[in-house]
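Take a look at the structure below.
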Amino acid sequence: MTYSVKETFSPSARALRGVPGAPAPVTAPDPGALAAKVRTLAPSMTRSMQRVAEAVANDPAGCSHLTVTALAVRTGTSEATVVRTARLLGYPGYRDLRLALAALAAHQATGAAPAVTADIAVDDPLCDVVTKLALEEQQTLADTASQLDMAQLEAAVAALAVARRIDVYGIAASGLVGQDLAQKLLRIGLIAHAHVDPHLAVTNAVQLRPGDVALAITHSGTTQDVIEPLRAAFDRGATTIAISGRADGPVTQYADVVLTTSCSRESELRPAAMSSRTSQLLVVDCLFIGVAQRTYDEAAPALSASYEALAHRHTHRAPRPS
């Protein structure tokens with residue numbers, strides 16, 4: 001089966017992005033993804049909506065028994081705010097949210113491991129640091145996987161698999177993730193380049209055209225050095241993909257496909273939280289494997305050739321005589 005970017009991204013698809021009344025899926029998300037959803041959407045919520053979202057995420061069992069009026073009273077908000085929050089979280093109405101909360105509470109009652117804070121103090125023993133980091137990394141991967149939109153992921157893989165050229169934009173830690181993706185794609189025979197210099201990113205982006213793919217990686221979704229080249233690529237008709245921790249971040253305005261990662265908390269000791277990069281790397285690996293599957297006849301020989309080209313650099317030295 002062959003795929004084309006034109007089939008995946010029609011002009012009408014672009015025209016519908018952000019237009020009131022455009023069709024949208026109404027299927028409620030998995031109850032287990034609720035906490036991840038709250039963390040992802042919290043930055044875009046009003047303070048009153050954040051109080052509602054935090055309440056249902058922190059006490060799903062208690063909130064599942066509350067009427068819309070009772071939850072509004074408990075959070076010091078209004079019934080309208082409660083309903084809007086439920087819809088923003090992906091539920092058609094408050095009744096659907098209550099059902100999801102009840103299911104989540106039942107799951108937690110089965111003996112699932114309690115959440116462990118990942119905040120690391122200056123005087124924490126190293127063994128505690130290892131435990132906290134490992135638990136947060138595991139939770140980040142689970143959160144990202146549970147909220148990843150499969151239709152968007154399929155669309156991104158389809159576009160990358162047939163792209164004439166792929167540009168990847170990222171700055172700092174996100175730039176490292178971009179370089180990881182580009183080198184993976186190069187090894188299976190695709191033309192891919194990662195740009196961490198914002199000036200070079202823009203000058204390359206203006207050379208793109210339909211049939212090319214531009215992919216931006218930004219945890220905050222607000223990094224102008226990444227948004228600017230993605231916008232240039234978007235304006236020239238390239239297929240654009242954004243990997244972001246915010247589904248409504250400015251970068252998504254210029255993205256045909258949006259892949260959302262888990263929003264982790266950062267701390268004084270970890271200003272660039274490793275879990276942010278972990279979630280991005282998971283999405284990158286999903287993209288790579290998806291593309292490799294779809295282009296297997298060409299990818300497998302190319303990957304073998306790259307291994308053979310580097311084999312002599314990994315020759316083990318003969319053991320010293322005893």
Side-chain angles (χ1 to χ4, degrees), residues 24-119 131-150 152 219 244-248 258-267 273 275-276 278-279 282-283:
V26 295
T27 304
D30 187 319
L34 180 60
K37 196 80 170 179
V38 169
R39 285 194 291 271
T40 299
L41 295 176
S44 63
M45 294 179 178
T46 64
R47 184 59 196 128
S48 58
M49 293 177 74
Q50 286 178 2
R51 290 200 298 272
V52 175
E54 290 167 359
V56 298
N58 294 335
D59 184 17
C63 291
S64 67
H65 298 293
L66 299 178
T67 65
V68 63
T69 303
L71 182 56
V73 171
R74 174 173 172 173
T75 56
T77 61
S78 65
E79 294 180 10
T81 298
V82 172
V83 173
R84 284 198 300 270
T85 305
R87 290 176 178 168
L88 183 60
L89 291 174
Y91 301 92
Y94 180 63
R95 177 178 178 277
D96 302 276
L97 174 59
R98 284 185 67 184
L99 292 174
L101 292 176
L104 179 56
H107 173 72
Q108 291 177 338
T110 61
V116 177
T117 178
D119 291 337
T131 299
K132 291 179 179 181
L133 288 178
L135 287 169
E136 184 178 354
E137 300 296 308
Q138 292 170 17
Q139 188 61 56
T140 297
L141 291 173
D143 287 352
T144 299
S146 67
Q147 69 188 34
L148 197 56
D149 188 318
M150 290 299 107
Q152 294 283 286
H219 179 63
S244 173
R246 285 185 55 184
D248 65 337
V258 178
L259 301 173
T260 308
T261 57
S262 172
C263 275
S264 59
R265 290 180 298 120
E266 299 186 349
S267 66
S275 55
S276 304
T278 298
S279 59
L282 173 61
V283 175

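Atom set for the values below is all heavy atoms of this structure, side chains included, hydrogens, waters and symmetry mates excluded. Note that the coordinates shown come from a computational prediction; the quantities given were computed from them, not determined experimentally.
Across every non-hydrogen atom of Asp59 and Gly62, the tightest pair is OD1-N, 3.0 Å. Across every non-hydrogen atom of Leu101 and Pro60, the tightest pair is CB-O, 3.6 Å. Closest approach of Ala102 to Ser64, counting heavy atoms only: N-CB, 3.7 Å. For the residue pair Arg51 and Thr77, the shortest heavy atom distance occurs at NH2-CG2, 3.6 Å.
Between the CZ atom of Arg74 and the OG1 atom of Thr69 there is a distance of 14.5 Å, given to the nearest 0.5 Å. A distance of 12.5 Å separates OG1 of Thr85 from OH of Tyr91, quoted to the nearest 0.5 Å. The CG atom of Leu88 sits 4.5 Å away from atom CE of Met45, with the distance rounded to the nearest 0.5 Å. Once rounded to the nearest 0.5 Å, the distance linking CE of Met49 with OG1 of Thr81 reads 7.5 Å. The OG1 atom of Thr67 sits 7.5 Å away from the CD atom of Glu79 when rounded to the nearest 0.5 Å. Atom CD in Glu137 sits 5.5 Å away from atom OG1 in Thr140 (nearest 0.5 Å).
Between the side chain of Asn58 and the backbone N or O of Glu54 there is at least one donor-acceptor pair closer than 3.5 Å. Proximity of a side-chain donor or acceptor of Arg87 to a complementary backbone N or O of Gly93 within less than 3.5 Å is not detected.
Residue Cys63 forms a side-chain contact (heavy atoms from CB on, under 4.5 Å) with just one option from Leu71, Leu97, Val82, and that option is Leu71.
Side-chain contact between Thr260 and Asp149: absent, with no pair of heavy atoms (C-beta onward) separated by less than 4.5 Å.
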